[in-house]
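In what follows, every heavy atom counts, from backbone to side chain, and hydrogens, waters and symmetry copies are set aside. Only a predicted model underlies this, so the values are computations on that prediction, with no experimental measurement involved. Reminder, nothing fancy here: chain letters follow the sequence lines and each chain counts from 1.
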Protein chains: 2
Amino acid sequence: MDQRQALAAFGALSQETRLHIIRMLVVSGPDGMAAGSIAEKAEVSPSNVSFHLKELERAGLITQQRESRSIIYTANYDALGGLIRFLTEDCCGGNAEICAPAAAVAACCAPATKEELQ
Amino acid sequence: MDQRQALAAFGALSQETRLHIIRMLVVSGPDGMAAGSIAEKAEVSPSNVSFHLKELERAGLITQQRESRSIIYTANYDALGGLIRFLTEDCCGGNAEICAPAAAVAACCAPATKEELQ
DNA sequence: TCAACGATTCAAGGATTATTGAAATATGGA
DNA sequence: TCCATATTTCAATAATCCTTGAATCGTTGA
């Protein structure tokens with residue numbers, strides 16, 4: 001994740017509807033969600049959800065895949081992890097104080113990393 | 001850091017000049033930088049830097065403090081850590097795959113956390 | 001083939017954000 | 001007090017983003 005991608009990702013996440021969509025897609029996991037379901041749950045019009053989905057895809061945060069009549073959207077875990085990484089490395093450039101609490105949060109939901117550290 | 005603050009922070013970081021400013025302020029640490037120095041280093045006009053500084057302050061990512069004629073801006077480490085935390089917790093809501101790599105990055109610049117985990 | 005479904009695209013409008021330069025404010029020193 | 005410095009504020013313009021509804025596209029089943 002370079003700066004260009006990070007800027008796009010920050011922009012994508014700075015809009016309420018899109019942040020909502022990302023949260024839903026992260027929760028729904030690899031199965032993803034159809035555009036229509038997203039629109040329904042987020043309570044926005046089909047064309048509006050389509051606009052925001054395109055924006056999120058342009059930022060690399062989600063991917064799409066047609067499944068019969070539906071188009072299924074899925075969160076791009078690598079991109080989201082990459083964004084956290086960008087923010088963390090950028091902010092931690094010599095300043096452990098910023099990311100120490102963040103590391104604690106990240107560590108508690110990533111047991112594999114705990115083992116690596118011991 | 002609630003969603004409202006996170007949205008503002010993402011918006012603030014989605015602009016090239018502002019991301020540049022944040023990076024400079026994080027590096028410069030608690031001493032911060034005067035508005036003029038920021039403008040000079042970022043190669044933007046005084047009034048433009050003022051606009052962006054106000055935006056960053058509105059998002060809670062920086063604080064200001066007058067020092068004689070200058071106004072010194074400082075990165076708000078808590079807010080930056082809070083944003084990483086928001087992103088991490090939000091994305092990790094049941095999905096360790098996303099934040100495992102992020103945790104590794106965060107851990108390597110926060111030795112204190114390593115000890116806590118052992 | 002035709003109708004229905006799920007979704008996108010397009011154009012228009014409104015709203016927000018960014019840039020610029022000129023004017024204003026605050027501070028410190030002669 | 002007056003001037004210079006450091007910075008902000010303001011108004012105007014340009015650029016970008018968001019929303020809406022109508023039209024379009026691809027897929028499936030009758």
Side-chain angles (χ1 to χ4, degrees), chain A residues 3-25 28 31-76, chain B residues 3-25 28 31-76:
Chain A
Q3 169 166 323
R4 188 182 173 76
Q5 291 175 294
L7 282 168
F10 286 138
L13 296 179
S14 70
Q15 209 277 341
E16 193 165 10
T17 302
R18 289 196 294 260
L19 185 57
H20 188 190
I21 291 173
I22 282 287
R23 296 176 105 141
M24 290 194 301
L25 289 182
S28 75
D31 289 347
M33 288 177 76
S37 310
I38 297 171
E40 198 181 357
K41 272 214 169 187
E43 294 182 328
V44 294
S45 73
S47 81
N48 190 243
V49 90
S50 196
F51 168 80
H52 288 304
L53 288 170
K54 198 168 62 177
E55 207 67 12
L56 286 167
E57 198 181 19
R58 202 174 54 81
L61 295 176
I62 64 175
T63 54
Q64 72 172 168
Q65 153 193 22
R66 182 175 279 275
E67 184 103 4
S68 174
R69 280 184 203 162
S70 300
I71 295 184
I72 308 295
Y73 285 89
T74 315
N76 181 348
Chain B
Q3 169 167 323
R4 186 182 175 77
Q5 291 174 294
L7 282 170
F10 285 138
L13 296 179
S14 70
Q15 208 278 342
E16 194 165 12
T17 301
R18 289 195 296 259
L19 185 57
H20 188 190
I21 291 173
I22 282 287
R23 296 177 105 141
M24 292 194 299
L25 290 182
S28 75
D31 289 348
M33 288 177 76
S37 310
I38 297 171
E40 199 181 355
K41 273 215 169 186
E43 295 182 328
V44 294
S45 72
S47 81
N48 188 243
V49 91
S50 194
F51 168 80
H52 288 304
L53 288 170
K54 199 169 59 175
E55 207 66 12
L56 286 167
E57 198 180 19
R58 204 175 53 83
L61 295 176
I62 64 175
T63 55
Q64 72 173 168
Q65 154 193 19
R66 181 174 280 276
E67 184 103 2
S68 174
R69 281 185 203 163
S70 299
I71 295 184
I72 308 294
Y73 285 89
T74 315
N76 182 348

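- Residue-level contact check: B/Ser50 touches the bases, meaning some heavy atom is under 4.0 Å from a base atom.
- Nucleotide C/dT9 holds its C1' atom 12 Å from the CD1 atom of A/Ile71, rounded to whole Å.
- Here A/Thr17 lies out of heavy-atom contact (under 4.0 Å) with every strand.
- With hydrogens and angles ignored, no donor-acceptor pair under 3.5 angstrom links the side chain of B/Ser68 to the base of C/dG28.
- In this model, the phosphate group of C/dT19 is approached by a side-chain N or O of B/Gln15 to a distance below 4.0 Å at OP1 or OP2.
- Taking the side chain as every heavy atom from C-beta outward, B/Met33 and B/Lys41 approach each other to under 4.5 Å.
- Ion pairing between A/Lys54 and A/Glu57 fails under the 4.0 Å rule for side-chain N and carboxylate O.
- Inter-residue side-chain proximity for B/Leu7 and A/Glu16 is flagged as met; some heavy-atom pair is nearer than 4.5 Å.
- Using a 4.5 Å cut-off on side-chain heavy atoms (C-beta onward), B/Leu56 and B/Ile22 make contact.
- Between B/Asn48 and C/dT20, a side-chain N or O to OP1/OP2 separation shorter than 4.0 Å is absent.
- In this structure, the side chains of B/Leu13 and B/Leu61 come closer than 4.5 Å at one or more pairs of heavy atoms.
- Taking only side-chain atoms of B/His52, from C-beta outward, the nucleotide of C/dA18, C/dT27, C/dT20 with the closest atom is C/dA18.
- In this structure, B/Glu67 atom CD and C/dA26 atom P are separated by 19 Å, rounded to whole Å.
- The side chain of B/Arg69 places no N or O atom within less than 4.0 Å of a non-bridging phosphate oxygen (OP1 or OP2) of C/dT25.
- Straight-line distance from the CZ atom of B/Phe51 to the P atom of C/dT16: 14 Å, rounded to whole Å.
- Residue B/Gln3 places its CD atom among more than 12 non-hydrogen atoms of other residues, nucleotides or ligands, all under 6.0 Å distant.
- Distance, A/Ile72 CD1 to C/dG6 C1': 11 Å, rounded to whole Å.
- Looking at heavy-atom distances under 4.0 Å, B/Ala39 makes no contact with the nucleic acid at all.
- Whole-Å rounding puts the A/Leu53 CG to C/dG6 C1' distance at 13 Å.
- B/Leu25 places none of its side-chain heavy atoms less than 4.5 Å from the side chain of B/Asn76.
- One atom, OH of A/Tyr73, and another, C1' of C/dA7, lie 8 Å apart when rounded to the nearest Å.
- Protein chain B contacts DNA chain D over a range whose 5' and 3' limits, counting nucleotides with an atom under 4.0 angstrom from a non-hydrogen atom, are D/dT5 to D/dT9.
- In this structure, B/Leu13 atom CG and C/dT17 atom P are separated by 15 Å, rounded to whole Å.
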